[in-house]
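Below: the structure, in structure tokens.
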Amino acid sequence: MIIALCDCNNFFVSCERRRDPSLEGLPVIVLSHNDGCVIARSNEAKALNIGMAVPFFTVRGICKAHGVVALKGDHTLYRQTSRDVMECLGGLFPEVEVSSIDEAYLLLTGIQTLDPARTCLGARGKLLLSTGIPASFGIAPTKTLAKIASRFSKKDPSYNGVFNFLDHPAADDLLASLSVGDVWGIGSRSLERLRQMGIRTALDLKNADDEKLLKRFPIGMLRTSHELRGVCCHSFEPDPESHKSIQIAPSFRKPVTDLETLQSTAAEHAVEAAKTLRAEGLVCGVVQVSIQTNPFRKDLPQYEATADQRIEEPTDYSPLLADAARQATEKIYKPGYAYRRVGVVLGDLSDSSSRQSLLFSTRDRSREKKLMEAMDSINRALGDDTIKPWFTKETPAE
DNA sequence: TCTGGGGTCCTAGGACCC
DNA sequence: TCTGGGGTCCTAGGACCC
């Protein structure tokens with residue numbers, strides 16, 4: 001197998017620059033919801049040592065001193081730009097596996113006769129021209145190596161955004177120069193335990209003993225080691241599977257203490273998630289709600305809990321899902337805590353066309369369906385939340 | 001003062017069955 | 001006193017990624 005990873009550079013910042021070219025050359029960061037954390041940085045911002053996912057207040061001083069432009073994230077823009085990028089790649093390569101909002105694997109096996117590096121170099125130029133988004137390409141026989149290759153291509157400008165790991169004469173030297181913590185799949189927990197085993201670099205992990213790895217780690221570690229050797233353990237899967245869960249869990253700007261606010265927030269999240277559910281033609285069998293106090297406030301009492309509410313007949317009907325979210329919230333609520341977050345996960349998803357009806361169902365499915373279709377189409381035409389369901393505790397929306 | 005949000009995969013252990 | 005054992009399914013929670 002020959003695959004390439006296409007990884008967009010500083011994606012959210014690149015999207016912002018595409019919309020507003022005057023940001024070019026300036027240090028730019030994008031902030032999360034509620035302006036809490038840094039979630040994207042331009043190269044100029046990285047050079048100022050602004051870390052990824054750091055709380056904004058810890059870098060506010062640096063930003064002020066260096067005129068860093070701090071932007072509120074616009075995820076609608078990022079999703080649209082991502083679609084443009086993937087569509088462009090789809091026109092350039094026979095098979096594309098979208099792996100995240102800013103990354104895709106490309107199958108090169110079918111076009112082997114051409115030089116893979118030249119193919120990617122050409123694609124990189126076309127992508128930049130048609131979408132305005134710069135990207136880095138890494139070519140390798142496995143996904144793990146392709147990730148590493150794209151990292152090299154990003155690091156050293158002399159590669160022109162394309163690094164080819166295939167038959168690379170100094171492959172092992174390069175792996176020896178890479179900390180094992182920078183390998184895809186190795187997080188901080190594993191890093192610590194690998195270090196204890198004397199495994200410090202990507203090359204160490206490549207050459208590690210299979211049995212020892214299997215004894216000390218879940219199977220994923222062995223796969224990673226094999227992938228570093230060029231043995232494919234993560235297959236190329238161009239057809240996207242449908243979602244297994246849909247989650248909405250933003251934190252509050254100010255802490256919340258009362259049940260009523262938590263319940264109505266959970267209900268709103270459920271309604272929001274249900275839009276995605278219907279857009280993808282899915283129904284949901286369980287609504288999970290979690291509530292959590294602020295874990296950083298060690299001076300305050302801590303509490304967190306999760307509860308499930310099963311839906312008898314899997315549904316995409318917002319009022320039912322909102323009601324389930326309210327019920328789940330009530331199960332776990334404890335007074336006397338300052339809550340920072342209430343999250344909703346729609347789980348046990350299945351295809352809406354294959355859903356089963358209960359024998360003695362009292363629900364009027366076709367009426368529910370018409371209502372949701374009408375609501376979604378009005379909101380699409382006139383803007384989000386032009387109309388939304390009205391909930392009371394006792395009676396579902398009509 | 002202020003600490004992201006949306007996902008996936010894996011595993012251990014309990015429940016249950018025969 | 002002695003109290004099966006193996007398979008499967010489900011779930012919660014951990015780890016990781018972007």
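So that the names make sense, note that chain A is the first sequence line, chain B the second, and so on, each numbered from 1. All of these numbers come straight from a predicted model, not from anything done at the bench.
Between Arg189(A) and Glu192(A) there is no salt bridge, since no side-chain nitrogen of the basic residue lies less than 4.0 Å from a carboxylate oxygen of the acidic one.
dC17(B) and dT3(C) are spaced 24 Å apart, taking the P atom of each and rounding to whole Å. The separation of dC2(B) from dC18(C), taken at their P atoms, amounts to 31 Å, rounded to a whole angstrom.
Rounded to whole angstrom, the span from the CG atom of Leu300(A) across to the C1' atom of dT3(B) amounts to 14 Å. Rounded to an integer number of Å, the gap from CZ of Arg340(A) to C1' of dC2(B) is 11 Å. For the pair Asp182(A) CG and dC17(C) P, the computed distance is 10 Å after rounding to whole Å. Rounded to whole angstrom, the span from the NE2 atom of His269(A) across to the C1' atom of dG5(B) amounts to 11 Å. If you take CD of Gln288(A) and C1' of dA12(C), they are 9 Å apart, rounded to a whole angstrom. Distance CG (Asp299(A)) to P (dT3(B)): 12 Å, rounded to an integer number of Å. Distance, Asp102(A) CG to dC17(C) P: 14 Å, rounded to whole Å. Gln302(A) has its CD atom 13 Å from the C1' atom of dT3(B), to the nearest Å.
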Item to check | Pairing annotation in dot-bracket form, given for DNA chain B with Watson-Crick or G-U pairs under 3.5 Å and | for cross-strand partners | outcome: ....||||||||||||||
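Note on Ser251(A): a side-chain N or O is less than 4.0 Å away from OP1 or OP2 of dG5(B). Neither OP1 nor OP2 of dT1(B) sits under 4.0 Å from any side-chain N or O of Arg253(A). At dA12(C), none of the side-chain N or O atoms of Thr306(A) fall inside 4.0 Å of OP1 or OP2 (strictly under the cut-off).
Of the candidate nucleotides dA15(C), dT3(B), dG4(B), dG4(B) has the atom nearest to the side chain of Arg341(A). Distances from the side chain of Glu103(A) to the nucleotides dA15(C), dC18(C), dT3(B) place dC18(C) closest.
In the hydrophobic clustering (ILVMFWY side chains linked at under 4.5 Å, chained through shared members), Phe57(A) stands by itself. In this structure, Ile248(A) stands alone, with no Ile, Leu, Val, Met, Phe, Trp or Tyr side-chain heavy atom under 4.5 Å from its own, directly or through other members. Here Ile3(A) sits in one hydrophobic cluster together with Met1(A), Leu5(A), Tyr105(A), Leu107(A), Trp184(A), Phe236(A); the rule is ILVMFWY side chains under 4.5 Å apart, joined directly or through other members.
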Going by atom type alone, with no hydrogens or angles, which donor-acceptor pairs under 3.5 Å involve a side-chain atom of residues 88-100 of chain A and a protein atom two or more places apart or on another chain?
unit_1, atom_1, unit_2, atom_2, d
Glu97(A), OE1, Lys143(A), NZ, 2.9
Glu97(A), OE1, Glu237(A), N, 2.6
Glu97(A), OE2, Lys143(A), NZ, 2.9
Ser99(A), OG, Glu103(A), O, 3.4
Ser99(A), OG, Glu103(A), OE1, 3.3
Ser100(A), OG, Asp102(A), N, 3.4
Ser100(A), OG, Asp102(A), OD1, 2.9
Ser100(A), OG, Glu103(A), N, 3.4

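With sequence neighbours excluded, the residues satisfying ring pair (Phe, Tyr, Trp, His ring centres under 6.0 Å) with His168(A) are Phe163(A). Residues satisfying the ring pair (Phe, Tyr, Trp, His ring centres under 6.0 Å) criterion with Phe56(A), sequence neighbours excluded, are absent altogether.
Residues from residues 31-67 of chain A lying near DNA chain C, meaning a heavy-atom separation below 4.0 Å, are absent.
Using a 4.5 Å cut-off between side-chain heavy atoms of Ile, Leu, Val, Met, Phe, Trp and Tyr, with links allowed through other members, Leu108(A) and Phe137(A) fall into the same hydrophobic cluster.
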Next on the checklist: Walk me through whether Glu16(A) and Tyr78(A) qualify under side-chain contact (heavy atoms from CB on, under 4.5 Å).
Outcome noted: CA-CA 9 Å; Glu16(A) 297 289 349; Tyr78(A) 309 150; 2.6 Å; yes
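For residues 276-314 of chain A, the set of pairs meeting the ring-ring contact (aromatic ring centres under 6.0 Å, His included) definition, not counting sequence neighbours, comprises Tyr303(A)-Tyr337(A). Annotation: salt bridge (Lys or Arg N to Asp or Glu O under 4.0 Å) contacts involving residues 166-177 of chain A, sequence neighbours excluded, comprise Asp172(A)-Lys206(A). Counting only residues at least two apart or in different chains, side chain to side chain donor-acceptor pair (under 3.5 Å) contacts with residues 120-142 of chain A comprise Asn9(A)-Ser136(A).
Val183(A) comes within contact range of the sugar-phosphate backbone alone, with a heavy-atom separation under 4.0 Å but no base atom that close.
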All N/O pairs under 3.5 Å across the protein-nucleotides 7-11 of chain B interface:
unit_1, atom_1, unit_2, atom_2, d
dG7(B), OP2, Gln247(A), N, 2.5
dG7(B), OP2, Gln247(A), O, 3.4
dT8(B), OP1, Lys244(A), N, 3.1
dT8(B), OP2, Ser245(A), OG, 3.2
dC9(B), OP2, Lys244(A), NZ, 2.7
dC10(B), OP1, Arg223(A), NH1, 2.6
dT11(B), OP1, Ile219(A), N, 3.0

